[in-house]
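A quick write-up on the structure given underneath.
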Amino acid sequence: MPPSTAMFRRWLLWLVLALPSPLLAAELSCTQSPVGNSPPPADNRLALLDEVVVTPRKLTSRTRDLGAWLKRLEGQYSYDGYVDLCGNGNAADRQPVTGRADCVSLYNGNDEARRSLYCVIDVRWPQVRGTDGAPVMGGESPLSPAVVIYRVAPDLPGIQLLQLDSRGIATHARGQLTGDTLTATESCGYPGLCRKVTRITAPPDSQDISMLIDVEVDSRRALRHAFLLHRESNIQMRRGQHGALTRDDLLIVGER
Amino acid sequence: MKSTTALTVCLSLAAMGAGPAVHAQARGPANRAMLSKDLPVETPIQALDDATRSQKMAEMEAWLGRLVGQFSISAKYSYYSGHYPLYGNATCSRFGRGSGVRCILERTNSAPVMRSPVLQTEGTWAHAVLLFVYFGINADRLEIQSMVVDLEQVTAQSGMLTGDTVTFSDNWKACLKGWTHCWMVTEVSASAVGDLVMKAALDAWFQGSKGPPMILMKSGHTAELEVDLRRKPPLDASAP
């Protein structure tokens, strides 16, 4: 790779991370073996995360259906899965994930256009440093804690996501729902060259939700977060007039 | 954590007060566009060099640090036919290990009783508004990001930092029209001295309305809230 290209790529990664550029000087030693050599995950449930199932289904555009899908995300979850720091599918580059999430629907009435979801999450994985000991992209969880907000976007039509992570960095994405899967794309600061793609699959009446979050640079996957969320409970909060939460209940979201 | 009514409340209070607004004439988007603040034009971030980016990031991180602390609140809620005071407390603390900040607001004085059948049914009743206000950095736009989470909805806006002040867009189009009201943070000032000023605006719609919000004030909003946050002295850890 020519030096100028390498420098440009590092700059893009800086945009992705919004971290000081010296951090990107670090190199991560990625496993070079082909993707197909990866051993199967020990947990069958996690095998779902290795597949991207594309089902030719119609785009969901009705506000009512978008809101109903958002409501599937309500609950208190535990996290399983991995972070692939090289994005190439090699098991050796995966870091196991643990964590939890608490998601509550702020509005619980019949008007699905008003539905929005407030989630407080705490997701961790072992810290990884580069060969020179410097931080690398994705080497430390920015999700411990983080706030994620989802809301129906009737104009798209689809769903909007906004996340404030533990570094204080806010990111925004919009996506559309096809079948049970929301696919949202956001720029990494330089459209066309770097993007983050989030796929969330929430089947009806399921206790499991899968999330695949890929960072792609030059159309090549550079980082993958593969999360499997298992609903541990779905504690229903008290609702006041018109389905609004009480203040006391909202204050304990993420601490239950 | 205290369970006092949120300052949030204030906001909603305000909304309730705007009941008779039902009879006021709603103006169109063009009028609102003229009333909306003209925000400074930002240099595309792609055009910024690394040094400039780093400097802007450092400035925003420093500004966010000024928000941290405990404050007493003195606020004025203004609506089409008057205003009333609101008092309370706010605690702003670091969120995570970076520069993010979460403010929790609460109101301590009782809310005036407002009779507004229309607006109350639209969700602008007294207990709902500005419970949480999160602040962080929108790295894509190199702006300060705010996120308001209240008892029934969320709003998110970003704004540019100039001096001590972040001015956010007050474009009601940023609100989802399916909602019947929308609180927006319009301005936050954080001086180096330590006190803060936070301004918010409320836009309300009739239920089922597809048109623009009811505009009842010269500002172009349905109601406004100006909050002075006076920093409380830090607790003395050595005190008995």
Side-chain angles (χ1 to χ4, degrees), chain A residues 11 14-21 63 67 106-109 111-118 140 142-147 149-155 160 162-172 186-191 240-253 255, chain B residues 1-6 8-9 12 45-46 50 53-54 57-58 60-61 64 94-102 104 106 120-123 125 127-128 131-132 134-147 149-156 158 173 176-180 207-208:
Chain A
W11 180 76
W14 181 90
L15 291 170
V16 173
L17 291 168
L19 290 173
S21 51
T63 299
L106 295 176
Y107 169 82
N108 206 32
D111 185 358
E112 293 292 353
R114 295 171 64 182
R115 186 168 304 284
S116 50
L117 207 70
Y118 170 60
E140 186 174 7
L143 305 175
S144 180
V147 167
I149 286 168
Y150 301 85
R151 65 184 188 186
V152 174
D155 60 322
Q160 288 178 305
L162 190 77
Q163 174 178 291
L164 179 65
D165 68 23
S166 55
R167 302 167 302 176
I169 301 299
T171 50
H172 173 256
E186 61 193 282
S187 157
C188 299
Y190 203 93
Q241 191 178 12
H242 305 287
L245 289 174
T246 66
R247 182 176 192 273
D248 287 352
D249 279 352
L250 188 54
L251 286 172
I252 62 170
V253 173
E255 298 176 5
Chain B
M1 202 172 286
K2 289 183 179 179
S3 62
T4 45
T5 315
T8 309
V9 177
S12 23
I45 62 166
Q46 293 89 341
D50 279 358
R53 275 189 68 97
S54 296
M57 289 289 285
M60 289 190 287
E61 287 169 359
L64 287 167
R94 289 285 187 191
F95 181 76
R97 63 180 186 276
S99 54
V101 175
R102 180 175 76 168
I104 302 175
E106 60 182 357
Q120 284 189 42
T121 58
E122 304 312 322
W125 54 88
H127 58 272
L131 178 59
F132 291 125
Y134 289 90
F135 294 98
I137 294 175
N138 183 324
D140 278 349
R141 304 184 63 168
L142 278 183
E143 293 183 337
I144 297 292
Q145 179 78 49
S146 76
M147 296 161 54
V149 180
D150 69 27
L151 301 181
E152 62 173 8
Q153 66 176 27
V154 294
T155 55
S158 68
K173 289 182 178 177
L176 294 179
K177 289 173 188 168
W179 298 348
T180 49
Q207 187 167 25

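Below, chains carry the letters A, B, ... as their sequence lines are ordered, and counting in each starts from 1.
The main-chain N or O of Ser99(B) is never found under 3.5 Å from a side-chain atom of Arg167(A) such that the two would form a donor-acceptor pair.
Inter-residue side-chain proximity for Leu251(A) and Phe132(B) is flagged as met; some heavy-atom pair is nearer than 4.5 Å. Contact of the Pro145(A) side chain with the Phe95(B) side chain is registered, since non-hydrogen atoms from C-beta on lie closer than 4.5 Å. Residues Val149(B) and Ile149(A) have side chains in contact (heavy-atom distance under 4.5 Å, counting atoms from C-beta outward). With contacts defined as side-chain heavy-atom distances shorter than 4.5 Å, the pair Met57(B)/Ile169(A) qualifies. Arg141(B) is not listed as a side-chain neighbour of His172(A), based on a closest heavy-atom distance of 4.5 Å or more.
In terms of heavy-atom proximity, Leu250(A) sits nearest to Asp150(B) at CD2-O, 3.4 Å. Listed here is the closest heavy atom pair of Ala156(B) and Arg151(A): N-NH1, 4.2 Å. Between Leu162(A) and Met147(B), the closest heavy-atom pair is CD2-CG, 3.1 Å. Between Arg97(B) and Pro142(A) the shortest heavy-atom distance is NH2-CA, 4.0 Å.
Considering CG of Leu164(A) and CG of Asn138(B), their distance stands at 10.5 Å, rounded to 0.5 Å.
For Asp249(A), no part sits under 4.5 Å from any heavy atom of chain B, backbone or side chain.
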